[in-house]
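Structure first, then comments.
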Amino acid sequence: MADLLWDDVSAFFDPDSMGSLPDVRVPDVSVDGWQAVLDLVAEKGWKCQYSEGETVLPVPRAEVVLSRPVDAECPNLRVWPTADVLAIFRFLDDEVVDFDVDLRELQGQERLDVLCGFLREIGRRLGRPVLMEGEGAYGRPILGFDVESDRVVLLMEP
């Protein structure tokens, strides 16, 4: 059974009103939490690409990427849980796992199910809520993985 139904949440997936790149975050983690996400990506066999600027590199350990100099370019990790859905992780803070998804790729029930499954996998691995907020709407989560119910739930009324 689907965590969320497209008909109930489609208004939150309108790139024109929500911004095309909503922010997804897992607060209150550590370097170990980041490493758990990197390990999950490898274990699941999700296609991924790590880069620093324009240079594509092998995926490093979390402590290496998070200990880079303050003035270094922010690396990112592109992860495709399916061929047509991309999440871009940005290593901005060692206490918050954060990434973007593109709402233009997340239209319809099938793609919503992919997103929910991805959020669920990350939330289960970290034992933490995974929150999705509209682009630039920090602190106002729309939906997220709820640890207690072990599913993705709506956190705001449509």
Side-chain angles (χ1 to χ4, degrees), residues 1-15 18-51 56 59-62 65-66 74-156 158:
M1 182 174 165
D3 286 7
L4 300 172
L5 298 176
W6 179 251
D7 290 342
D8 296 339
V9 301
S10 62
F12 290 130
F13 287 78
D14 178 0
M18 299 304 294
S20 59
L21 299 172
D23 302 313
V24 185
R25 62 186 177 87
V26 184
D28 304 320
V29 295
S30 64
V31 173
D32 291 339
W34 269 106
Q35 187 60 50
V37 171
L38 298 178
D39 293 344
L40 177 66
V41 170
E43 288 169 22
K44 291 292 181 181
W46 292 325
K47 179 183 171 191
C48 68
Q49 180 184 59
Y50 174 82
S51 60
V56 175
V59 178
R61 298 219 24 101
V65 70
L66 291 167
C74 182
N76 69 62
L77 177 68
R78 295 173 175 271
V79 175
W80 289 268
T82 64
D84 43 14
V85 174
L86 170 65
I88 302 173
F89 289 81
R90 304 192 194 289
F91 297 84
L92 299 170
D93 187 335
D94 60 355
E95 295 179 358
V96 179
V97 171
D98 68 277
F99 59 99
D100 297 325
V101 292
D102 190 333
L103 291 185
R104 296 167 293 200
E105 297 176 346
L106 298 170
Q107 299 298 304
Q109 187 66 50
E110 183 179 324
R111 301 280 180 90
L112 176 62
D113 291 344
V114 168
L115 175 66
C116 289
F118 188 63
L119 300 183
R120 226 180 9 259
E121 291 286 349
I122 293 169
R124 284 176 179 164
R125 176 60 58 101
L126 297 176
R128 312 265 331 128
V130 182
L131 307 170
M132 185 175 104
E133 302 160 332
E135 189 172 0
Y138 185 80
R140 295 190 323 236
I142 298 165
L143 58 86
F145 173 75
D146 178 71
V147 177
E148 285 186 31
S149 66
D150 192 41
R151 59 189 307 241
V152 176
V153 297
L154 203 52
L155 299 171
M156 182 181 284

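For the atom pair SG of C74 and CZ of R90, the computed distance is 7.0 Å after rounding to the nearest 0.5 Å. A distance of 4.0 Å separates CZ in F99 from CD1 in I122, rounded to the nearest 0.5 Å. For the atom pair I88 CD1 and Q49 CD, the distance stands at 10.0 Å (nearest 0.5 Å). We find the OG-CD distance between S30 and E95 to be 8.5 Å, quoted to the nearest 0.5 Å. With rounding to the nearest 0.5 Å, the separation of CG in D32 from CG in L126 is 10.5 Å. Note that OG of S10 is 11.0 Å distant from CG of L5, once rounded to the nearest 0.5 Å.
Among all heavy-atom pairs drawn from L38 and P60, the shortest one is CD1-O, 3.5 Å. Here the closest non-hydrogen pair linking L77 and C48 is CD1-CB, 4.0 Å. The shortest non-hydrogen separation linking G33 to V29 is CA-CB, 4.4 Å. Shortest non-hydrogen contact noted between W80 and W46 is O-CB, 3.7 Å. Taking both residues in full, the closest heavy atoms of V147 and P129 are given as CG2-N, 3.6 Å, listed atom of the first, atom of the second, then distance. Nearest heavy-atom pair, Q35 versus A62, reported as atom, atom and distance to 0.1 Å: OE1-N, 2.7 Å.
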Legend entry - E135 vs L103, side chain to side chain contact (heavy atoms under 4.5 Å, CB included): CA-CA, chis, key distance, verdict: CA-CA 10 Å; E135 189 172 0; L103 291 185; over 6 Å; no

Inset, instruction - Run the numbers on D23 and D98 for side chain to side chain contact (heavy atoms under 4.5 Å, CB included), then give the verdict. - result: CA-CA 7 Å; D23 302 313; D98 68 277; over 6 Å; no

Inset, instruction - List the steps and the verdict of side chain to side chain contact (heavy atoms under 4.5 Å, CB included) for L154 and V9. - result: CA-CA 8 Å; L154 203 52; V9 301; 3.7 Å; yes

Inset, instruction - Decide side chain to side chain contact (heavy atoms under 4.5 Å, CB included) for I142 and M18; before the verdict, give the C-alpha distance in whole Å, the side-chain angles of both, and the deciding distance to 0.1 Å. - result: CA-CA 10 Å; I142 298 165; M18 299 304 294; 2.9 Å; yes

Inset, instruction - Carefully, step by step, assess R125 and D39 under the rule salt bridge (charged side-chain N to carboxylate O under 4.0 Å, His left out). - result: CA-CA 10 Å; R125 176 60 58 101; D39 293 344; 5.6 Å; no

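Remark: side-chain polar atoms of Q107 are paired, donor with acceptor, to backbone N or O of F13 under 3.5 angstrom. Within the 3.5 Å criterion, the main-chain N or O of G139 finds a donor-acceptor partner in the side chain of E133.
Contact annotation: the side chain of V79 approaches that of F89 to within less than 4.5 Å [non-hydrogen atoms, C-beta and beyond]. Residues L86 and D102 have side chains not in contact (no heavy-atom distance under 4.5 Å, counting atoms from C-beta outward). Taking 4.5 Å as the limit, every side-chain heavy atom of L131 sits out of range of all side-chain heavy atoms of V24.
Applying the salt bridge (charged side-chain N to carboxylate O under 4.0 Å, His left out) test to residues at least two apart or on different chains, the pairs with a partner in residues 138-152 are R124-D150.
In terms of the ring pair (Phe, Tyr, Trp, His ring centres under 6.0 Å) criterion, Y50 has no residue partners (sequence neighbours excluded).
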Side-chain atoms of residues 110-120: list all donor-acceptor pairs with protein atoms under 3.5 Å, sequence neighbours left out, distances to 0.1 Å.
| residue | atom | partner | partner atom | Å |
| --- | --- | --- | --- | --- |
| R111 | NH1 | E105 | O | 2.7 |
| R111 | NH2 | D84 | OD2 | 2.8 |
| D113 | OD1 | Q109 | NE2 | 2.7 |
| R120 | NH1 | D3 | OD1 | 3.2 |
| R120 | NH1 | D3 | OD2 | 2.6 |

